[in-house]
Amino acid sequence: MNGKNALAAGVAAALALGSVTMVATQSTAAPRPTAAAGASAAQPGAGFQAMTADARGEAIRAAGRNAPATARALGLGPEERLVAKDVLIDADGSRHVRYDRTYRGLPVIGGDLVVHLAEDGTITGSDLAHQGAVRVAGTTPKLTAAEASAKAVKHARHVKKAKAGSKDSTLVVYAVGKIPVLAYRSTVTGAGETGPTSREAVIVDATSGAALDQYELHQNVTGTGNGVTVGQVSLETTQTAGGYTLTDPAHGGTIVYDAYNSPQSNPRQNARAFSKTTNSWGNGTASSRESAAVDASYGLAKTWDYYKNSFNRSGIRNDGRGAPAYVHVDANLLNAFYDDTCFCMYFGDGSSQNGNTPVTALDVAGHEMSHGVTAATADLTYSGESGGLNEATSDIFGTMVEFSADNAGDPGDYYIGEKLNMSGGYMRRMDNPSADGRSLSCWNSSAGSVDVHLSSGIGNHFFYLAAEGTGAKTIGGRSHTGTTCNNDTFAGIGKDKAAAVWYRALTTYMTSTTNYAGARTATLQAAADLYGANSQERYLVSKAWAAVSVGTALPDPGTPTPSPTDPTPSPTTPPGGNALANGSFEQGTSGWAQSDNIITNSSLQAARDGSWYAWMMGYGADAVESLSQSNVAVPSTGTPKLTFWLKVSTQESGFTAYDTLKVKANGTTLATYSNADASSGYVQKTVDLSAYKGQTVKLEFAGTEDTYLSTVFLLDDIAIG
């Protein structure tokens with residue numbers, strides 16, 4: 001289930017250079033064995049033993065022999081079987097065995113899992129794409145295979161329906177959602193986006209014929225690229241009947257196009273996809289049009305990987321879909337920009353100001369793709385202080401992508417665009433923004449009236465100080481200063497923690513009009529969520545904000561103080577009579593914090609009203625989930641109460657409460673519902689909040705499910721008044 005995509009603002013966020021004018025899985029894993037001494041856990045394959053083909057084959061066969069015992073240990077159902085797929089062995093002898101699942105002989109899509117074992121064979125943990133046992137009502141479909149094929153052709157998105165065909169519909173169990181469904185998987189073939197023999201997988205419900213999923217099937221291979229700024233790198237490409245294209249199936253089908261210098265006013269006018277008969281791209285110089293495309297393809301893949309590995313975010317909109325990119329836009333364009341109206345990115349070729357170096361550096365690609373993430377989450381308005389925060393967000397995550405990529409030719413640092421041959425050596429500096437003579441290092445009352453690429457310096461400076469602290473350092477071979485606006489000195493919390501705080505603030509608390517004061521509040525709440533209200537991390541985040549003249553530092557948590565750490569909102573009921581924001585969920589996740597993708601408009605369940613609702617639990621395995629809203633002002637007059645509509649469906653029987661949903665205020669349980677409250681439809685519930693009259697509370701719905709059988713709790717139309 002994916003959260004609601006943010007609506008496009010219709011403004012193209014740009015990277016502005018110099019004086020250029022802008023255009024507007026759940027896991028149950030125990031602690032893992034550490035890698036062998038000297039091995040870097042950040043490098044794929046580091047710490048693993050090298051295995052011959054024979055040794056690997058024997059390891060997989062041994063895993064197959066152990067599959068029945070493993071299935072029982074994981075609590076899988078009697079109708080399920082595990083099929084060993086791969087084995088990795090650490091240097092210390094521990095193993096990681098990857099299995100696929102079947103149910104009554106049917107393949108289970110989303111049933112894959114990894115089991116982690118110590119050297120002696122003891123299971124130390126597991127990661128399952130679908131938690132717990134797989135169960136469906138039956139394996140006899142209502143649709144025939146031919147009917148399913150016809151439905152699949154109708155639902156196909158990437159193949160032209162007029163000439164499409166499908167004859168190989170196969171019965172499967174689709175377990176990607178919380179509740180497994182009997183389905184057909186079909187391969188639809190015909191002319192499409194990848195050529196005359198395009199293929200698309202379409203999965204339809206075997207009872208209703210409704211589309212459950214669809215995606216292109218690529219023949220992906222690994223090619224070699226030589227970029228202008230990234231050097232020689234490996235690229236994920238797609239093999240076609242005529243050769244290869246720069247289509248990256250491992251990252252949402254991201255395609256890189258040659259804009260053929262189409263004007264900035266219509267940058268796709270002459271565009272066509274890069275393709276060739278060999279799988280080697282570019283020569284490392286700007287004279288080859290492919291070289292800039294290599295930079296872009298590599299940079300966007302590394303950005304995707306950073307968001308996935310750090311925040312489990314699958315692409316810009318968290319929907320697994322890659323955004324197309326266009327290089328060689330216009331002539332002498334020293335700029336790059338993201339446009340949410342077309343869900344695409346554009347890169348210019350540079351100008352005489354930077355030796356005509358294409359604007360496709362690694363941190364630039366990360367910057368532009370991050371504009372899309374902002375558009376899909378907080379959607380920060382591209383003007384005033386919120387515009388500065390928008391730009392700062394892209395600089396922050398573009399920098400984090402550079403660190404994450406660990407490219408020897410472009411080591412991580414806090415300089416933006418340092419590989420673009422700018423006359424000053426960079427476009428912006430996060431450690432000392434005002435060093436360029438224009439950007440703001442410290443907040444002032446005029447921050448909202450300057451260009452957003454200059455006011456972004458405040459957010460950039462905050463992030464650098466939060467991550468690295470004060471004092472001079474050499475990072476990535478470049479000198480960095482840790483000067484502050486208040487002459488304070490302090491340590492940083494590390495770039496990964498600082499990025500986690502910023503990402504949570506962006507995706508959970510910031511809105512389109514958030515200013516720097518609001519960003520301080522959002523990041524302090526995010527730090528409290530991640531590390532605790534009295535943590536050093538939260539304290540140092542406040543120190544970093546004070547160091548750029550935004551607010552004052554909180555008291556050191558090591559020093560007891562009776563004073564509240566944050567101002568408490570006045571408890572008044574907003575217009576409309578509901579103290580909760582977005583109680584109907586029709587604005588997607590806005591206003592709510594969720595432990596998983598709980599708020600949804602999935603057609604697998606029904607909302608009570610509108611399209612959106614909250615789907616909690618339903619795993620049929622040990623699991624916990626939380627849905628909450630902080631700073632809720634309970635009315636100070638009358639008899640305040642919480643009302644909401646609840647639908648409970650369960651595989652349990654009897655009146656014992658195996659699976660529960662608790663309603664909490666400031667951590668205190670006010671009401672408990674369970675599988676024993678199963679209902680055929682939504683039932684309104686009421687909880688008395690008189691004990692919290694006039695107070696500000698954190699409202700939380702906390703779900704818990706035991707090892708066996710599932711219970712689904714659906715919530716909608718929640719109100720406090």
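The CG atom of Asn312 lies 7.5 Å from the CG atom of Asn318; values are rounded to the nearest 0.5 Å. Rounding to the nearest 0.5 angstrom, the gap separating the CH2 atom in Trp645 from the OG atom in Ser584 is 14.5 Å. Here the OG1-CG distance, from Thr508 to Asp529, works out to 7.5 Å after rounding to the nearest 0.5 Å. Expressed to the nearest 0.5 Å, how far CG of Leu171 lies from CZ of Arg185 amounts to 13.0 Å. In this structure, Met369 CE and Tyr338 OH are separated by 9.5 Å, a value rounded to the nearest 0.5 Å. Here the CG atom belonging to Leu699 is positioned 12.0 Å from the CG atom belonging to Asn631, to the nearest 0.5 angstrom.
Surrounding NZ of Lys142 are at most 12 heavy atoms belonging to other residues, nucleotides or ligands under 6.0 Å away.
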Got a list of side-chain donor-acceptor pairs under 3.5 Å for residues 673-686, not counting sequence neighbours?
unit_1	atom_1	unit_2	atom_2	d
Ser674	OG	Ala676	N	3.1
Asn675	OD1	Tyr658	N	2.7
Asn675	OD1	Asp659	N	2.9
Asn675	ND2	Thr656	O	2.8
Asp677	OD2	Ser674	N	2.8
Ser679	OG	Val648	N	3.4
Ser679	OG	Gly681	O	2.8
Tyr682	OH	Ala606	O	2.7

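Residues Thr668 and Asn666 have side chains that never bring a donor and an acceptor to within less than 3.5 angstrom of each other. For the residue pair Asn582 and Glu586, no side-chain donor N or O sits within less than 3.5 Å of a side-chain acceptor on the partner. His251 and Asp305 share a donor-acceptor pair across their side chains, judged by distance under 3.5 Å alone. In this model, no donor atom of one side chain and acceptor atom of the other lie less than 3.5 Å apart for Glu368 and Tyr346. Side-chain atoms of Ser394 and Ser370 form no donor-acceptor pair, as typed in the model, at a separation below 3.5 Å. Between the side chains of Ser169 and Ser149, at least one donor-acceptor pair of N or O atoms lies under 3.5 Å. There is no side-chain donor-acceptor pair under 3.5 Å between Thr523 and Trp502. Side-chain contact of Asp339 with Tyr326: a donor-acceptor pair under 3.5 Å is absent, judged by distance alone. Inspection of the Arg313 and Tyr503 side chains reveals an N or O donor paired with an N or O acceptor under 3.5 Å.
Listed by chain and number, the residues in a ring pair (Phe, Tyr, Trp, His ring centres under 6.0 Å) with Phe701 are Phe644 (sequence neighbours excluded). For Ser626, the side-chain hydrogen bond (donor to acceptor under 3.5 Å, both in side chains) partners are Glu700, not counting sequence neighbours. Tyr184 pairs by the ring pair (Phe, Tyr, Trp, His ring centres under 6.0 Å) definition with nothing, not counting sequence neighbours. In this structure, Glu147 has no salt bridge (Lys or Arg N to Asp or Glu O under 4.0 Å) partners at least two apart in sequence or on a different chain. Residues that satisfy the ring pair (Phe, Tyr, Trp, His ring centres under 6.0 Å) test with Tyr307, not counting sequence neighbours, are Phe397.
With Thr711 as reference, Thr650 is the one residue of Thr650, Asp706, Thr704 to meet the side chain to side chain donor-acceptor pair (under 3.5 Å) rule.
In summary, Lys641 and Asp688 do not engage in a salt bridge, as defined by a charged side-chain N under 4.0 Å from a carboxylate O. Classification of Asp112 and Arg101 as a salt-bridged pair fails, no side-chain N sitting under 4.0 Å from a carboxylate O.
A pairwise comparison of heavy atoms in Leu661 and Leu715 identifies CD2-CD2, 4.1 Å as the closest pair.
Contact annotation: the side chain of Thr247 never approaches that of Thr254 to less than 4.5 Å [non-hydrogen atoms, C-beta and beyond].
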Item to complete: Mind running side-chain contact (heavy atoms from CB on, under 4.5 Å) on Phe713 and Lys647 for me, showing each step along the way?
Response: CA-CA 6 Å; Phe713 299 94; Lys647 179 181 178 182; over 6 Å; no

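A ring-centre distance under 6.0 Å is not found for Tyr613 and Phe585.
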